Structure formats: structure tokens, C-alpha cells
*Asks:* 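Pasting a structure here, questions to come.
Count residues from 1 along the sequence. Source: prediction; values computed, not measured. Worth knowing before you read on, the calculation uses all heavy atoms, side chains too, and leaves out hydrogens, waters and symmetry mates.
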Amino acid sequence: MENKKNRIIMLSVILLAIIITGVFITIRNNKDSSTNKLDNKDDEKDVESDAFYYVEEFIGEEIWDEGYDKFLKYDDKIVKFKGGEKVYLQDVKSKEDIYQIPNRDNMLGANGYWIYENVFWNVEYDSKNEAVIASSFDDKGNKKDSIKLKDFKGDVIDNSYIQVEEMRVTEDYIYLLARADSQPILQIFTKTGELKNSYENVTSFDVDNKGRCIYTTVGSQSLPEGFFMVDSETGDEIFRNTSYILEPIRFSEDGNLIYGFDKELNVFDANSGTFIKSIFEFGKDSTYFLDDYDIQDFVVGKDEEIYYSLKTKFGEDQNIELSDIKNVYYLYTKKEGERPPRETVLTITAPYRNDFMEEAIKHYELKYPGEHVEYDYAYNNREEFYENGKEYGAKLALDIISGDIGDIVQTGGSALELQNLLRTDVFMDLTDLIEKDKNYKDLNKDVLNSVKVNNTIRALPVSYLLDQYELNEELEKELGLDIDFNQLSWSEVLDLVKVIEEKAPDRHLFTRNMKGKTPWETFGDDLLIANMPDLINLETKEVDLNQKWFKDLLIKFKECIQSKNFILDTEYQLTDSLQGSLLSFKSSSGERYYSDQVFDFIEYNNTHKSEMIPIFTGEKNDNRVQYSLRMYSINNRSDRKENAWKFLSFLLEEDIQFIALKDPENRGAIPINEKGVDRMIEDANYMHKFSGVDVDRYNKAMIEHSHEIDYLYNMGYLRLDILEPIGSYMDGKMTLDEALKKAEENVIIRLNE
């Protein structure tokens, strides 16, 4: 009972300290991290219309056959091809076969198809006459029109065929989106075969019955990325919207609306390109995500019903059989009213919204259709959180005391002093649950151990940031260094400044973009955190900053920053971040995804020689500290602990870990599930076709360094209490003794309030 009372008192003291000081503690707030703004695309979003939702109907699947996966219109019905010995046009909604293709060899042996007012059209390359021919057929399969398309700008492959992505025919024009050297090119021809206009780097297009053409471009020297409407006759641009890349893009049947995908199915005004609303989101309105599918085509019908043609993805296994790739079809019918509510099974308290958690919740609710997870965040993005961190930290502290928090609390990067807080029982001990979890065998045990306080784990890191240094091996050899860079303390690395001064006076110890900060503001955080466990004893509340080794380290640091050889302050260069210096700081919390980090390393080693080394240790002990923004705890007062752990366990699964890799806010973060790490490496290799010794060296170093972590969080406000006075010493505003005395007073007050 006495122990519990002491823990409660200790917790109240810790939380009260946060409130009184109003300190804004975030992970890496003095480091080179990037903020994640929400997409402020168009400011034209209007109020949603009357509530509705979509009811899903699975239409069927067929073995994939390229070119036969598009929707057409026949007898005023949405149709698709149905293959077999005989080929039919099948009404997608009724699944009725309504028209048999009569002359399949000629009608379907071409490269592109369209039906205009029940007339079947195709396009193919005539190798005998070296011409691209557009043909029409009557209902018995007899050829009616044969139009030679002049000045065709697409690729002609082996003088035998062309590749047409999409085809459209209207009363006056023939439109082709055909493969070219780079991106496809959209071409508009008259019915006599003259080329009217062409547009490069187009990925999707559609036309209406008013002579207008809408197309999406990925961007070029002449046009930015976005979607554009042009007049088919004159080629004049009617409008452009460069806030969205819509693929595919389609007109409504009446031509008054434009539909297109940009994460969601969005609706735009066809006269201005103005965004109106979003009407469909995979995973929310469907029983599946697009993780395993590509959208081949879609159509929105008269009653806003949505037809989807999907293709199963190839994946990373290039030996996949073509018979394993399917065309899959779905129909979604609009239903008025609110979707029947799910039961809320838990609430997550977070400082700000992030893409990973939103995606994880969608996947969870898809797996458990009857369950709803409430995501309760204070700010829309991390930047807003940074601007209001003091207020949030104080409010969160009060909420914890009062119990007004969710079942799960994001404790990583949440303005909380974790090392003290995790010594209390405000959050549940997860140790036993983690060790019994089905994913436990695949988790990085060293990372888990780095979160332990008093032999308990009260915060689960889903992923973590991994800082490293890149070592210039050529300069290392030139300097004649014979030291173990994998076991280097801060004082040992600072000793290298004098070596560089003597042997390579035109070089530097570090290359880093300081972004207007002082050297102490740039490096002091790392130096101090590595030594904090040997300066402050949180158990006994003792602090001793006047230890000789620490004073010597600070004196040495101040001497080093006076040297012109200490740091080259410069902008980051993608393929040469070292720029002649011995060491370059590499943080996974920056703007580079893991695949980009590997690419940088490979590019540098094409002409130079480098290796990755771990961050530097403390002076007395091997203290290597890393960070996690994706760390979650369970409220010990929650009545839904079982549901909370079910969700956290879900976050540890390989597929969900892979989602975390794609979070733009947390670029380069490493999954705690080592299967997720393997998948991260495989994905980077597949994406960039990586292979070779340098790739293996980088991946091996990353894995080794991930097992050398001692602590996964920092002593937040205590760190700031020390950093600021020492900064005054480094700037010459205080003596060292004065700075250490001030810092020690700050810490003592903090520990004993």
C-alpha cells in the first residue's frame, strides 16, 4: 500500500512539473526532423450533401487479359468483355450477356477498343502499309470505316504493333492514349485521320459529348502535374487544376462532373475544375484496400453507382504465373442515410493526426468489421502540435491525473517525460503480453529492452528512428587512423579534430547543415543524452554534473568548435553528404525514405569509399540512445485493456509494420518487427533494382546498429535544464562552473518539486 502511495505521489510530482514549467518536449525537437503538413490542396471544399454510403457487390473475376479490362457502354448499359470460346459484352449490373462479338479475330485482334453509339471501333498497326488504322464495324462484324491516322506519335514496336492504353471515339474525333518513349502521349485525330493536337506525359483521359477532353499529366517541362481540360477542336486550355493528380479520370454521363482518384474518389465541377467532395474511400467504403490491386478502370453511372475494374498486382515475385493475375470487378450502389454504426471498442489519445495511425485503424476495422476505433487527436498535424506543445503537455498531464484519456495513449513524441512517467503505474505493464504475443519471436528484443524501466515495459514502440554516421574511409586512411569507429565515445571523436588540423587542414571532422544553429545546439543534444544516465540517477534523485570526465568533455567540445576544421556547415547533397569531411550525420527522422538512404550510399560509393557506423557512446558507459515517435501505452485505468492490447498486437503484424514505412511524417523509421525490416529492405531493392556489395553493406550495418540501442527515449525537460546553461558557457556568457551550477540547480529543483 505504501509503495502504491509513493508511486501516486511520484506521478503527481512529475506531472505537476510538466504543468508548472510548460516545457515542450518532443522527440528530436533540436534535431534535423521534418514536419508533416496536411495536404491543403484546394480551399474550395464545400459542405457534404445529404448523407449516403455505398453497398458493395462482388461481380466476379477472370484471368487477367490486358486490353479486356475496360468498361464500355452498349444499349445504354455499362458492359465489359466476357471471355471464353465466344466473347460477349456483358451487362455488369445484371451479368447478362447482351452482345456476342461476331468477328473476334478482326474486331478483337487490335490494340485499342471503344464503342460509340453502339458502333464498335478499334485501332491497330498495319505493318504491310506501315500505317495506324482506326476501324469501325457493323453489328455483324463487317468493317465499315477504315481511317488512316496520320502523323501518329506513339511507338511502333518491331514494325508490328502499337500499345494503346485508352481509346475514345466521338462524332467528330478519335482519341488515343498510346505508349511513347517515356510517358504515354494523348493524340486527337479527326474522323478523316488528321492529327489535331497531342499532349505528352498523359496517364489518363476522358471525353464528353461537348467537344471537351480532360486529361491527367505527371508533369513535364512545359506543364506542371495535375489535370487539364482542353477544347478538342482548337486545342485551347479551358482550365487546369494542379492540386490533384487524378488517375484514372472520368466524366459523368451528363458531362457536368469529373471523377478521379487521388487517394479517394473525388468529384469536381466540369466547368471549372473546382473540387466538390469525396465520395468513396477504399477500406472505408469497400471490404478491401488497394494494397493488392491496381485500378484498371472505373465508371460512375447515372445514379452515382460506381463500377470498378481491378487487377491483382504482380508483387515482388517476378516468377508469378499469369494465370494467378486476375481481373476483379465490383459494383457499389449508393444508399441514402448513415452507414450502420460500429461499436466503439477503444479510443486512442494522440497529440496530432498522422497517416500511419489512420491507415492502421482502417485496416483494423476492415479485419474486424463490427469494431470501431476512435482516434482522438488534438491537432491536425505535427506542425500545429509543435506550435502548441506547451499547452498540450500541460493539458495532457491534467488529463492523465484525472483519468480523462483514451484506452491507448501515444507516448512517443507527446510532450511527456517518459523515463520518469514509466516508473509509475499510470500505464499498464505490457511485458507479459508482449512476450506471449504471436509476433514476439520476430520483434527486435534489444529495442524492447531499451524501453524497460524497473524491468517493465509500459510503452510499446511500433517503429523507431535510427541515427547513424557515414564514415569517409578514404580520409580515414589518409589520416592514418587505426581506431574502432564502432566503439567511439564523444571525447574520442573530438580528439580527431587535432589530427585533421595537422594532416588534412582543408578537411573537416563533420559535414552537416546546422540550419542557423550553433555547434552546441547542433551536437550538444546527442552528446548530453549519451551521458545523461551517468549524470542523473532517477531512482535516488541524485545529480552530479561536476564529475571531472564530464567537465573535461565540455572543455574539449568548446575548444573543438573554435577550430575551422570542426564542421563544414553546408546544404545536404544527395549523392555526397560527406563533401570531403570525415563524418556525416545520418538521421532516419529526416526527409529521406529508407530506399533513398540506400540510394545515397550507393551513389557515393560509386566513386568514393565509405561505411556506416553507429552513433557515439557515453564516456563512462556504452549509452546509445535512439527515439520513437510511434510508441503507445495502455491506460491502466481503462476498462478495455483487452481491446487495447488486441489493437497494439495488430500494429506489430508484418503488413501493418509495412504501412508504417510509407508514413511521410516518419520517413526512414525502422519497424520493430524484423520481418517488417526484411520487407523494408526487399521493397527498397525491388523499387530501385538495388543489388551489390554496397547495398548489402548498408543493410547489414543498419541491422547491426539496431541491436546496439540502450535507450529508446530521452530525459526530456531534464535534458533542456542542462543544455541551456551549458549553451551559455559555449557562447562565453558563463564560466563552466557557473553553467554547471545553474544546470544542477535546475535539475535538483525538477527532481524534488
Side-chain angles (χ1 to χ4, degrees), residues 27-28 31-33 412 442-451 461-473 476 483-490 492-493 510 512 523 525-527 529-531 533 577-578 582-590 592-602 604-605 609-618 621-631 657 660-661 666-682 684-685 690 693-714:
I27 296 301
R28 308 294 289 174
K31 294 193 176 283
D32 300 334
S33 61
D442 299 317
L443 303 184
N444 186 321
K445 310 303 188 297
D446 294 295
V447 172
L448 288 175
N449 288 332
S450 71
V451 189
V462 175
S463 62
Y464 55 94
L465 305 176
L466 185 68
D467 294 343
Q468 305 176 88
Y469 281 89
E470 187 170 5
L471 170 66
N472 184 338
E473 292 185 296
E476 175 194 14
I483 56 178
D484 184 0
F485 277 90
N486 291 302
Q487 296 294 329
L488 205 61
S489 70
W490 267 98
E492 289 170 331
V493 76
F510 294 111
R512 189 167 177 179
F523 292 99
D525 202 50
D526 294 331
L527 180 149
I529 291 173
N531 291 288
S577 62
L578 283 158
L582 184 64
L583 296 164
S584 175
F585 178 73
K586 301 286 187 180
S587 175
S588 64
S589 63
R592 309 288 287 163
Y593 288 102
Y594 184 79
S595 58
D596 298 325
Q597 298 171 38
V598 181
F599 175 81
D600 295 348
F601 185 77
I602 294 171
Y604 181 81
N605 279 274
K609 191 69 175 173
S610 69
E611 67 172 305
M612 302 306 298
I613 64 172
I615 56 174
F616 313 130
T617 70
N621 293 290
D622 184 14
N623 302 324
R624 299 187 201 267
V625 183
Q626 302 287 0
Y627 307 84
S628 174
L629 298 178
R630 299 287 168 266
M631 191 144 58
Q657 292 271 289
L661 301 177
N666 212 22
R667 292 178 176 92
I670 310 299
I672 193 172
N673 187 322
E674 294 185 322
K675 282 188 176 179
V677 174
D678 293 339
R679 188 166 173 182
M680 175 183 74
I681 292 172
E682 291 171 2
N685 292 347
F690 287 155
V693 175
D694 291 330
V695 178
D696 296 338
R697 287 198 301 124
Y698 189 92
N699 292 330
K700 181 181 178 182
M702 179 274 297
I703 292 172
E704 288 177 350
H705 299 162
S706 74
H707 288 282
E708 295 177 356
I709 300 171
D710 297 290
Y711 300 96
L712 200 59
Y713 42 85
N714 62 337

*Asks:* For M612 and K586, run side chain to side chain contact (heavy atoms under 4.5 Å, CB included): C-alpha distance rounded to whole Å, both residues' side-chain angles, the deciding distance at 0.1 Å, then the answer.
*Replies:* CA-CA 9 Å; M612 302 306 298; K586 301 286 187 180; 3.8 Å; yes

*Asks:* For V598 and I602: C-alpha separation, side-chain torsions, deciding distance, then whether side chain to side chain contact (heavy atoms under 4.5 Å, CB included) applies.
*Replies:* CA-CA 6 Å; V598 181; I602 294 171; 3.8 Å; yes

*Asks:* Just to verify, what does E708 make a salt bridge (Lys or Arg N to Asp or Glu O under 4.0 Å) with, not counting sequence neighbours?
*Replies:* R624

*Asks:* For Y594 and N699: C-alpha separation, side-chain torsions, deciding distance, then whether side chain to side chain contact (heavy atoms under 4.5 Å, CB included) applies.
*Replies:* CA-CA 10 Å; Y594 184 79; N699 292 330; 2.5 Å; yes

*Asks:* Heavy atoms, side chains only, cut-off 4.5 Å: are I529 and Y627 in contact?
*Replies:* yes

*Asks:* What about Y469 and F616, are their ring centers closer than 6.0 Å?
*Replies:*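 Centroid distance Y469-F616: below 6.0 Å, so yes.
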
*Asks:* Just by distance, no angles: are the side chains of Y698 and Q597 close enough, under 3.5 Å, to form a donor-acceptor pair?
*Replies:*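 There is such a pair (donor and acceptor under 3.5 Å, judged by atom type) between the side chains of Y698 and Q597.
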
*Asks:* Are the side chains of S587 and L465 in contact, using a 4.5 Å heavy-atom criterion?
*Replies:* no

*Asks:* Is it the case that the side chain of N472 and the backbone of L582 share a donor-acceptor pair, with hydrogens and angles ignored and the cut-off at 3.5 Å?
*Replies:* no

*Asks:* Any heavy-atom pair between the side chains of D710 and V625 that's under 4.5 Å?
*Replies:* no

*Asks:* So does I672 get a backbone contact from the side chain of Q657, meaning a donor-acceptor N/O pair under 3.5 Å?
*Replies:*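 Looks like yes, one N/O pair under 3.5 Å.
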
*Asks:* Does K445, at its NZ atom, have more than 12 non-hydrogen atoms belonging to other residues, nucleotides or ligands within less than 6.0 Å?
*Replies:* yes

*Asks:* Would you call N531 and N621 a side-chain contact if the rule is heavy atoms closer than 4.5 Å?
*Replies:* no

*Asks:* Please determine if D694 and R697 form a salt bridge, counting it only when a charged side-chain N lies under 4.0 Å from a carboxylate O.
*Replies:*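 Yes, this pair counts.
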
*Asks:* Please check this pair: side chain of N605 against backbone of S610, looking for a donor-acceptor N/O pair closer than 3.5 Å.
*Replies:*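 Pair found, side chain donor or acceptor close to backbone of S610.
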
*Asks:* Does any part of the side chain of Y464, heavy atoms only, come nearer than 4.5 Å to the side chain of S706, both counted from C-beta?
*Replies:* yes

*Asks:* Taking atom types as modelled and ignoring hydrogens, do the side chains of H705 and Q626 form a donor-acceptor contact shorter than 3.5 angstrom?
*Replies:*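 Not at all, the side chains of H705 and Q626 share no donor-acceptor pair under 3.5 Å.
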
*Asks:* Hey, is the main chain of D484 close enough, under 3.5 Å, to the side chain of Q487 for a donor-acceptor pair?
*Replies:* no

*Asks:* Test side chain to side chain contact (heavy atoms under 4.5 Å, CB included) on E476 and F485 and set out the steps.
*Replies:* CA-CA 10 Å; E476 175 194 14; F485 277 90; 3.5 Å; yes

*Asks:* For the residue pair V695 and F690, what are the closest heavy atoms and their distance?
*Replies:* CG2-CB, 3.9 Å

*Asks:* Less than 4.5 Å apart, side chain to side chain, heavy atoms only: is that true for Y604 and K609?
*Replies:* no

*Asks:* Please report the closest heavy-atom contact between L471 and L578, naming both atoms and the distance.
*Replies:*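 Heavy atoms of L471 and L578 come nearest at C-CD1, 4.4 Å.
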
*Asks:* Donor-acceptor pair, distance only, cut-off 3.5 Å: does the side chain of N444 make one with the backbone of D446?
*Replies:* yes

*Asks:* Can you find a heavy atom in the side chain of R512 that is under 4.5 Å from one in the side chain of S584?
*Replies:*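 Contact flag for R512/S584 side chains = no.
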
*Asks:* Looking only at side-chain N and O atoms, does T617 offer a donor or acceptor that is under 3.5 Å from a partner on N623?
*Replies:*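 Looking only at side-chain atoms, T617 and N623 do not form any donor-acceptor pair under 3.5 Å.
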
*Asks:* Might you point out which heavy atoms bring A669 and M680 nearest each other, and give the distance in Å?
*Replies:* O-SD, 4.1 Å

*Asks:* Find out whether M702 and I670 are in side-chain contact, i.e. whether some heavy atom of one side chain is under 4.5 Å from a heavy atom of the other.
*Replies:* yes

*Asks:* Quick check: does any side chain N or O of S463 sit under 3.5 Å from a backbone N or O of R630, one acting as donor and the other as acceptor?
*Replies:*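 The answer is no, because no donor-acceptor pair under 3.5 Å joins these two groups.
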
*Asks:* Which value, rounded to the nearest 0.5 Å, describes the distance between F510 atom CZ and F585 atom CZ?
*Replies:* 10.0 Å

*Asks:* How many angstroms lie between atom CG of L712 and atom CG of L448, to the nearest 0.5 angstrom?
*Replies:* 9.0 Å

